[in-house]
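Here's the structure we're looking at; comments come further down.
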Amino acid sequence: MSEHVYFLSIFVPLGAILAIFGMKYYAVIAQARARLASDEAYRTLAEQCASGQSATAAKLAAIEAATSQIGQRLATVEAILKDVG
């Protein structure tokens with residue numbers, strides 16, 4: 001057997017094994033990066049939801065204040081109508 005064939009028969013399988021392990025570790029790194037990006041997107045979504053809930057609570061408080069004001073006005077109108085009628 002010549003030296004070239006001997007070295008090829010040793011280094012090609014070793015190179016294949018190293019390539020397989022390299023691809024495996026690359027996949028693990030890519031998965032970790034994807035998980036990190038997903039976590040960042042989830043964190044951003046949670047912050048947006050919290051700010052949306054705060055805005056909704058403020059609008060609800062304004063609506064409740066307007067409704068109570070309308071109720072007070074209605075009560076005065078009813079009192080006037082009772083006095084007239």
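Predicted, not measured: the structure shown is a model, and the values here were computed from it.
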I20 with V12, same ILVMFWY side-chain cluster at under 4.5 Å: no

ILVMFWY network linking Y25 to I17, side-chain heavy atoms under 4.5 angstrom: yes

Spacing of [X] atom [atom1] and [Y] atom [atom2] [to the nearest 0.5 Å]:
| X | Y | atom1 | atom2 | value |
| --- | --- | --- | --- | --- |
| R73 | S68 | CZ | OG | 10.5 Å |
| R35 | S38 | CZ | OG | 9.0 Å |
| L74 | T67 | CG | OG1 | 12.0 Å |

Under 3.5 Å: donor-acceptor pair, side chain of T44, backbone of E40: yes

